[in-house]
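Only one structure is covered here, and it is reproduced in the block below.
All ligand and atom numbering here is 1-based and tracks the order in the structure. All values derive from a computational prediction rather than experimental measurement.
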Amino acid sequence: MITFETFWENHERVQARVLEACAQAGREPAEVRVLPVTKNHPFDAIAYAERAGYAAVGENRVQEALDKMSAGQTTCRWELIGHLQSNKAKVVAERFDRVQSVDSEKLLRRLDAAAAEHGRRLSILLQVNAGDDPAKFGLKCAATPALLEVALGLAHIQIDGLMTIAPLSDQPAVAQRCFARMRDLRDELAAQFGVSLPELSMGMSGDLEAAVASGSTMLRIGSAFFGDG
Ligand SMILES: *Cc1c(COP(=O)(O)O)cnc(C)c1O
C-alpha cells in the first residue's frame with residue numbers, strides 16, 4: 001500500500017487534470033465529483049480518501065466492501081460500482097449508500113423489497129453498456145427506458161442517473177463515443193419521463209478528460225490514486 005504522502009500527490013495530480021478538463025469543456029469544477037475507487041486496496045485507502053476530503057468511496061465487490069466496513073470507521077459513504085447478483089440485494093440495500101450497477105428488473109425489484117424491509121429509500125444508478133462492449137455488464141441503450149419506468153414506480157428506490165464503463169481501447173474516440181451516447185440517452189430519458197437524472201457516472205483514470213467533455217458528474221478513479229496494486 002502506498003503512503004499517504006504518495007496518495008496526496010496523486011490526489012493533487014487528479015484534481016489538476018479535472019480542473020484542466022473542466023476549463024477545456026467550459027464547465028464548473030463543482031459539477032464534477034471524484035469518487036476514489038478503493039477496490040483491491042486495504043482499509044487505509046478509505047482512510048486516505050476521507051483525510052483528503054472525499055465524502056464517498058467506490059467498491060467493486062460486495063464481500064470485500066463488507067470486510068472493509070468492519071475493518072474501521074469512516075465518514076465516507078459507500079457506493080457499489082461492481083456487478084451485483086440479486087441474491088446479495090438484501091445486504092447491499094442495508095449497508096451501501098448507493099448502487100451504481102443496477103442493470104436488471106429482477107435486481108431492481110429485490111433492492112426495492114430489501115430497502116423497504118430496512119425502512120429506507122435506496123439511491124441507485126442504472127448501468128448502461130453504452131459502448132456495446134460484449135465484455136461489460138449493463139443495459140443496452142434500447143432497454144434502458146423500460147427499466148427506468150420500472151424504477152420510477154418503486155417506492156423505495158431513488159433513481160439518481162446513469163453509469164457506464166467505456167470499452168477498453170487505445171483509441172480515445174471509442175470512449176468519447178460511449179460517453180456522448182450516454183449523455184444523449186440521459187437527455188432523451190429525462191425529456192421522455194419528465195425527470196432530471198442528474199448523475200452521469202462515467203470516466204476513470206484513463207479517460208476522465210473525455211468524460212468531463214461529455215458531461216460526466218462523477219469520475220470513478222482507482223489507479224490514478226492508488227496505483228495498480
Ligand atoms: C476499478 C473500477 C474503476 C476505476 O478504474 P481505474 O482505471 O483504476 O481508475 C472505475 N469503475 C469501475 C466500475 C471499476 O471497477
### Query
Would one find more than 12 heavy atoms of other residues, nucleotides or ligands at under 6.0 Å from atom CD of Glu94?
yes

### Task
Specify the protein heavy atom at minimum distance from atom 11 (N) of ligand 1: its residue, its atom name, and the distance to 0.1 Å.
Arg220 NE, 2.9 Å

### Query
Among all protein non-hydrogen atoms, which one is nearest to atom 15 (O) of ligand 1, and what is the separation to 0.1 Å?
Asn60 ND2, 2.5 Å

### Task
Give a yes or no answer on whether the side chain of Tyr48 reaches the backbone of Ile2 with a donor-acceptor pair at less than 3.5 Å.
yes

### Query
Does CZ belonging to Arg121 count more than 12 external heavy atoms closer than 6.0 Å?
yes

### Task
Check ligand 1 against Ile165 and write out every atom of the ligand that is under 4.0 Å from a heavy-atom position of the residue.
13 (C)

### Task
Do me a favour and list the nearest non-hydrogen protein atom to atom 10 (C) of ligand 1 with residue, atom name and distance?
Met204 SD, 3.1 Å

### Closest protein heavy atom to atom 12 (C) of ligand 1, given as residue, atom name and distance to 0.1 Å
Ile81 CD1, 3.5 Å

### Query
For atom 2 (C) of ligand 1, which protein heavy atom lies nearest, and how many Å away is it?
Lys39 NZ, 2.6 Å

### Task
Give the residue, atom name and distance (to 0.1 Å) of the protein heavy atom nearest atom 9 (O) of ligand 1.
Ser205 OG, 2.5 Å

### Query
Who's the nearest protein heavy-atom neighbour of atom 8 (O) of ligand 1, and how far?
Ser223 N, 2.8 Å

#### Entry: Residue portion contacting ligand 1 (non-hydrogen atoms closer than 4.0 Å) for Ile221
backbone

### Query
How about Leu19: does its CG atom have over 12 heavy atoms from other parts shown lying under 6.0 Å from it?
yes

### Message
Looking at Phe137, I want to see if its CZ is surrounded by more than 12 non-hydrogen atoms of other residues, nucleotides or ligands under 6.0 Å.
### Response
no

### Task
Give me the ring orientation class for Tyr54 and Phe7: parallel if the planes are under 30° apart, tilted from 30 to 60°, perpendicular past 60°.
perpendicular

### Query
Got a sec: does the CD of Glu31 have more than 12 other heavy atoms crowding it under 6.0 Å?
yes

### Task
Examine Gly222 against ligand 1 and note whether any of their N/O atoms are separated by less than 3.5 Å.
yes

